Every structure is written in C-alpha cells, then in structure tokens.
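As structure tokens, the structure follows; a few thoughts come after it.
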There are 2 protein chains.
Amino acid sequence: MQDEILANQLRALGHPVRLSILRILAQRQSDCCCADVTQCLPLAQSTVSQHIKVLLDAGLIARQARGTRNCYVLATDRLNEMNSAFGGLSELLLQPVEAKKDSAGVA
Amino acid sequence: MQDEILANQLRALGHPVRLSILRILAQRQSDCCCADVTQCLPLAQSTVSQHIKVLLDAGLIARQARGTRNCYVLATDRLNEMNSAFGGLSELLLQPVEAKKDSAGVA
DNA sequence: GTCCTTCATCGTCATTTAACGATATAGGCG
DNA sequence: CGCCTATATCGTTAAATGACGATGAAGGAC
C-alpha cells in the first residue's frame with residue numbers, strides 16, 4: 001500500500017540519530033562516508049551503519065561507492081516525493097479544521 | 001531536544017494503522033470515539049486504544065470526554081507545528097540540492 | 001441501586017529495534 | 001602479494017513495539 005511506504009519513510013525519520021545523519025549529509029553533502037558520520041555521533045560504527053541502512057531501505061539516502069569508501073547523499077527525489085506526500089497528508093488532515101474557510105463553491 | 005520531539009511525532013506517524021486512524025478522524029472529525037475507529041479497522045479494541053495512545057502522547061490528537069465516550073479530534077495546532085517543522089527539515093535537507101538556483105545574493 | 005456500555009489499562013507473547021563487539025569482505029597501496 | 005583501511009554484516013542482548021484477551025473503572029439509563 002501507499003500507506004505502507006509512507007509509514008516506512010516516516011518511521012525511518014522517526015529516530016533522533018537518523019535525523020542527525022540526514023542533517024550531517026545535508027551539510028557536507030559530498031563525499032560523506034560512514035566514518036565521517038560516525039565521527040559526528042557518539043555511537044559505534046556498526047550502529048551508525050545500521051541506521052544508515054534503515055535510511056537506505058526507506059530510500060531516503062543513496063549510496064555511492066567510491067573506492068574503498070561508501071559515500072552517502074540525500075535521495076532528494078525521494079525526499080521531495082515524501083515532502084509532497086506529507087504535505088498532501090497534512091493537507092488532508094488539516095482540511096476539515098479550516099472548514100473550507102473561503103470555499104467558493106457555496107452559492 | 002527538539003529532535004526528540006520531532007522524531008517522536010514522526011515515529012507516531014510511522015505506522016499504517018495510525019495513519020489510518022488520523023484519516024478516519026479527519027473524515028468524521030466530530031464525535032469519533034474509540035469504538036468508531038475500531039469498527040473501521042480489523043483490529044481489537046485494545047490494540048486500537050493503544051495506537052490512539054501513541055498519537056495522544058505525541059500530541060497529534062486530543063481527547064474529549066463525552067459522557068461515557070471518549071471522542072478524539074485531530075490536534076490541528078500540533079499538526080500544523082509539525083507540518084512546519086517537517087517543512088523546515090525538508091527545506092534544510094533539500095536546500096543543498098537546489099544549489100540556490102536563483103538566490104538573489106549573487107552579484 | 002443495578003445494569004450496560006465504553007474504554008483505558010494490565011499481563012502476556014512474539015517480533016522488531018537499538019546498541020555493541022567481532023569479523024569478513026572489498027578495494028587501494030607498497 | 002601482503003597489508004591496511006573502510007564498512008557491511010553477524011551474533012548477541014536488552015528494551016520497545018504490536019497484537020491480543022481479560023478486567024476494572026466511569027458514566028448513562030432504567
């Protein structure tokens with residue numbers, strides 16, 4: 001289901017460490033490898049690698065093999081899609097609240 | 001931390017059933033009690049109640065005692081906040097990609 | 001007061017997650 | 001070829017999650 005995918009992406013975002021990782025990637029977006037990320041966090045390399053995997057599986061980041069290093073970049077396409085999906089969701093959720101403030105359809 | 005809160009809210013959204021619950025609340029936003037939600041889902045009442053609790057704890061919905069019923073409504077304020085926060089996050093994340101396409105600052 | 005409905009909470013169980021250390025693989029360098 | 005570095009994966013463990021049935025408490029209705 002669509003919801004499954006969206007939920008999976010939201011769940012992937014739903015951890016402070018993973019938010020941090022995304023921010024780290026956003027800041028130094030080029031040539032950011034696992035070791036770089038690990039250096040910014042108080043966690044073991046294997047743990048960081050695991051979090052990276054969650055983000056990878058959710059499609060929120062992409063891997064770029066670079067010699068012996070694996071560099072990661074934000075999957076901006078997917079993030080954009082997700083942004084749209086989330087925008088659509090929140091629009092849907094928030095819609096009834098506004099009670100069609102100025103809906104032109106009313107006679 | 002701010003991230004803790006945001007992550008918690010995202011995690012609360014990160015389950016298909018909870019997305020469904022939010023949609024259900026959005027559709028028939030008034031007088032929607034636990035039984036109503038349960039009727040829309042193939043889950044036990046206690047399970048639905050648990051999911052509702054997660055959404056409550058994340059502040060995404062609010063409870064309104066109504067006699068023997070507890071009615072739930074979307075916490076639109078919080079959802080709006082979250083929408084902003086998410087927008088801000090995605091803006092931050094997506095920013096480097098656009099490479100300031102038309103930033104006026106450039107001579 | 002008694003009964004009935006609604007629902008949150010409790011206890012349980014299986015699954016998943018988060019964290020770690022250890023390890024094996026893959027690629028560059030001498 | 002042999003070594004080193006980088007990192008993904010494995011195995012483990014504790015804790016969290018998701019699901020359920022049962023139960024107890026709160027609040028009408030008669």
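Here is the naming used below: chain letters follow the sequence lines, and residue numbers restart at 1 for every chain. Computation of the quantities below employed the complete heavy-atom set of this structure, encompassing side-chain atoms and omitting hydrogens, waters and symmetry-equivalent molecules. Fair warning: this is a prediction, and the values are worked out from it, not measured in the lab.
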Exercise for the section: Give one of base, sugar-phosphate or nothing for B:Leu43, where a contact means two heavy atoms less than 4.0 Å apart. Expected result: sugar-phosphate
Problem - N or O in side chain of A:Tyr72 less than 4.0 angstrom from D:dA6 OP1/OP2 - result: no
Problem - Listed nucleotide nearest any side-chain atom of B:Asn70, set D:dG21, D:dG18, C:dC7 - result: C:dC7
Practice task
Tell me whether the OP1 or OP2 atom of D:dA26 has a side-chain N or O from B:Thr68 closer than 4.0 Å.
Solution key: no
Exercise for the section: Grab the CZ-C1' distance between B:Arg18 and D:dG18 for me, whole Å please. Expected result: 9 Å
Practice task
Specify the separation, in whole Å, of atom CD1 of B:Ile21 and atom C1' of C:dC7.
Solution key: 14 Å
Handout entry: A:His15 side-chain N/O to C:dA19 phosphate OP1/OP2 under 4.0 Å
Key = yes
Problem - Straight-line distance of A:Leu10 CG to B:Leu13 CG, nearest 0.5 Å - result: 5.5 Å
Exercise for the section: With the side chain counted from C-beta on, respond yes when A:Tyr72 and A:Val37 share a heavy-atom pair under 4.5 Å apart, and no when they do not. Expected result: no
Exercise for the section: Send over the distance from B:Glu4 CD to C:dA18 P, rounded to a whole Å. Expected result: 12 Å
Handout entry: A:Arg69 side chain, from C-beta outward: closest of C:dC7, D:dT9, D:dT7
Key = D:dT7
Handout entry: Spacing between B:Lys53 atom NZ and D:dA16 atom P, to the nearest angstrom
Key = 14 Å
Problem - Close side-chain approach of A:Leu60 and A:Leu79, heavy atoms under 4.5 Å - result: yes
Completion exercise
Taking D:dG18, C:dA19, C:dA18 as options, the one with an atom nearest any side-chain atom of A:His51 is C:dA19
Exercise for the section: Whole angstrom is fine here: how far is it from CG in B:Asn8 over to P in C:dA18? Expected result: 13 Å
Handout entry: Distance test, side-chain N/O of A:Ser49 to OP1/OP2 of D:dT7, below 4.0 Å
Key = no
Exercise for the section: For A:Arg66, report the nucleic acid contact type (base, sugar-phosphate, nothing); a contact means any heavy atom under 4.0 Å. Expected result: nothing
Problem - Gap between atoms CD1 and C1', on A:Ile52 and C:dT17 respectively (whole Å) - result: 17 Å
Practice task
Go through the steps for A:Gln9 and A:Glu81 under the test side-chain contact (heavy atoms from CB on, under 4.5 Å), then give the verdict.
Solution key: CA-CA 11 Å; A:Gln9 294 174 338; A:Glu81 275 179 33; 5.6 Å; no
Exercise for the section: Begin from the C-alpha positions of B:Ile24 and B:Leu41 and carry the test side-chain contact (heavy atoms from CB on, under 4.5 Å) through to its verdict. Expected result: CA-CA 10 Å; B:Ile24 291 167; B:Leu41 297 170; 4.3 Å; yes
Problem - B:Gln50 CD to C:dC7 C1', straight-line distance once rounded to whole Å - result: 13 Å
Practice task
Specify the separation, in whole Å, of atom CG of B:Leu55 and atom C1' of C:dC7.
Solution key: 16 Å
Handout entry: Side-chain donor/acceptor contact of A:Gln45 with base of D:dA6 under 3.5 Å
Key = no
Exercise for the section: May I ask you to test the B:Thr38-B:Leu43 pair for a side-chain heavy-atom distance under 4.5 Å? Expected result: no
Completion exercise
Residue pair A:Asp36/B:Val17 against DNA chain D: nearer the 5' end by closest nucleotide is A:Asp36
Exercise for the section: Ignoring backbone atoms, establish whether B:Ser46 has a side-chain N or O less than 4.0 Å from OP1 or OP2 of D:dC20. Expected result: no
Practice task
Look at the side-chain N and O atoms of A:Arg11 and state whether any lies under 4.0 Å from the OP1 or OP2 oxygen of C:dT17.
Solution key: yes
